[in-house]
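What follows is one structure encoded as structure tokens, with my remarks underneath.
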Amino acid sequence: KAGVTQTPRYLIKTRGQQVTLSCSPISGHRSVSWYQQTPGQGLQFLFEYFSETQRNKGNFPGRFSGRQFSNSRSEMNVSTLELGDSALYLCASSLRGVETQYFGPGTRLLVL
Amino acid sequence: AQTVTQSQPEMSVQEAETVTLSCTYDTSENNYYLFWYKQPPSRQMILVIRQEAYKQQNATENRFSVNFQKAAKSFSLKISDSQLGDTAMYFCAFMKGTNSGNTPLVFGKGTRLSVIA
């Protein structure tokens, strides 16, 4: 089976812009979770989607949003980018969200 | 809230030797899972091993094994016959067990392991 894929792998944006990241889960997996990784804060949970519904959300501002499509692919959007949004954004998929999560290669976002 | 603590920010080991990475966690839950993930320089997060809290037997995966001490809330990872490819950041992670919904992974800060030739 193909693993979790994320696009794009690298992204450079300027403050105030918005960005959309994409994640395709492992075939058959219906749960997609997003995490932000920074040197200062480590790995933090953003949100989880299952069957096109957001089931769980971490402690991030409303500028961070996401959605999931009927084929389980998920997108994450960050509006009005700030310098502090520079991070590695990791997507993970699992069958139903209560099992082992498998991670994609990440999208590295740099905000200038 | 659950917390995961990795007290060793950096470690090094000689090739072919054995190394143990420490992890402690704090929870009031009785049903949960513990994981070790490896993140090499490529930044891809790779599952190393998983332990169910209800299982007394320690999980093993080839050269990787854990020492799970539930009462002490300790979950260490032992890497035997260390190889250069084991050089990576290792994260300990906790997940509540549930039959429905989603419980996110809670990660420790990581231990950077360097395997030296």
Side-chain angles (χ1 to χ4, degrees), chain A residues 2-6 9-10 23 25-26 29-60 66 68 72 74 87-110, chain B residues 1-10 23 25 27 29-55 59 61 64 66 75 88-112:
Chain A
V4 179
T5 58
Q6 290 186 247
R9 294 293 311 279
Y10 302 93
C23 171
I26 292 169
H29 285 193
R30 295 168 62 193
S31 169
V32 174
S33 296
W34 289 88
Y35 295 84
Q36 182 196 63
Q37 185 177 22
T38 60
Q41 298 300 315
L43 284 145
Q44 294 183 288
F45 172 73
L46 280 154
F47 31 64
E48 186 254 359
Y49 285 87
F50 178 81
S51 291
E52 303 177 63
T53 301
Q54 186 183 90
R55 284 198 303 194
N56 208 343
K57 189 177 191 305
N59 189 25
F60 278 82
Q68 187 180 35
S72 295
S74 176
L88 179 69
Y89 290 89
L90 292 164
C91 158
S93 79
S94 65
L95 278 170
R96 296 171 298 132
V98 299
E99 313 85 358
T100 301
Q101 295 182 27
Y102 296 92
F103 284 82
T107 293
R108 190 171 299 197
L109 171 64
L110 178 61
Chain B
Q2 289 75 30
T3 59
V4 177
T5 302
Q6 294 179 249
S7 59
Q8 307 148 314
E10 290 189 37
C23 172
Y25 58 95
T27 185
E29 302 287 331
N30 194 48
N31 179 22
Y32 54 89
Y33 302 88
L34 294 163
F35 304 86
W36 280 98
Y37 283 91
K38 160 185 174 181
Q39 190 177 43
S42 67
R43 309 303 297 277
Q44 170 90 49
M45 193 75 80
I46 300 164
L47 176 69
V48 175
I49 202 164
R50 158 187 159 131
Q51 174 79 45
E52 292 87 347
Y54 64 85
K55 288 187 177 178
E61 284 290 343
F64 299 88
V66 298
F75 183 60
M89 195 76 160
Y90 286 80
F91 291 96
C92 178
F94 170 100
M95 184 174 80
K96 280 196 302 185
T98 177
N99 291 323
S100 62
N102 161 264
T103 59
L105 289 164
V106 176
F107 288 90
K109 293 291 188 186
T111 295
R112 186 177 302 280

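Here the structure is a predicted model, which means the values were calculated and not measured. Residue numbering restarts at 1 for every chain, and letters A, B, ... go by the order of the sequence lines.
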Next item on the list: Examine B/Y32 together with B/F94 and report whether their ring centres are nearer than 6.0 Å.
Entry: yes

Next item on the list: Search all heavy atoms of A/F45 against all heavy atoms of A/K57 and return the closest pair with its distance.
Entry: CE2-C, 3.7 Å

Check: Can you say whether A/Q41 sits under 4.5 Å from chain B via the side chain, the backbone, both, or neither, judging by heavy atoms?
Finding: backbone

Next item on the list: Identify which part of B/L105 has an atom lying under 4.5 Å from any heavy atom of chain A, answering side chain, backbone, both or neither.
Entry: both

Item checked: Test ring-ring contact (aromatic ring centres under 6.0 Å, His included) applied to A/F50 - qualifying residues, sequence neighbours left out -> none

Next item on the list: State whether B/R112 and B/E10 are salt-bridged, where the test is any N-O pair (Lys NZ or Arg NE/NH1/NH2 against Asp/Glu carboxylate O) under 4.0 Å.
Entry: no

Check: Are a donor atom and an acceptor atom from the side chains of B/Y33 and B/E52 found within less than 3.5 Å of each other?
Finding: no

Checklist line | A/Y35 versus chain B, the contacting section by heavy-atom distance below 4.5 Å | finding: side chain

Checklist line | Residue, of A/L88, A/T100, A/L90, that accumulates the most heavy atom pairs under 4.5 Å with chain B | finding: A/T100

Next item on the list: Against chain B, work out which of A/Q6, A/Q37, A/Q44 has the most heavy-atom pairs shorter than 4.5 Å and name it.
Entry: A/Q37

Check: Of the backbone (N, CA, C, O) and the side chain (C-beta and beyond), which part of B/R43 lies under 4.5 Å from a heavy atom of chain A, both, or neither?
Finding: both

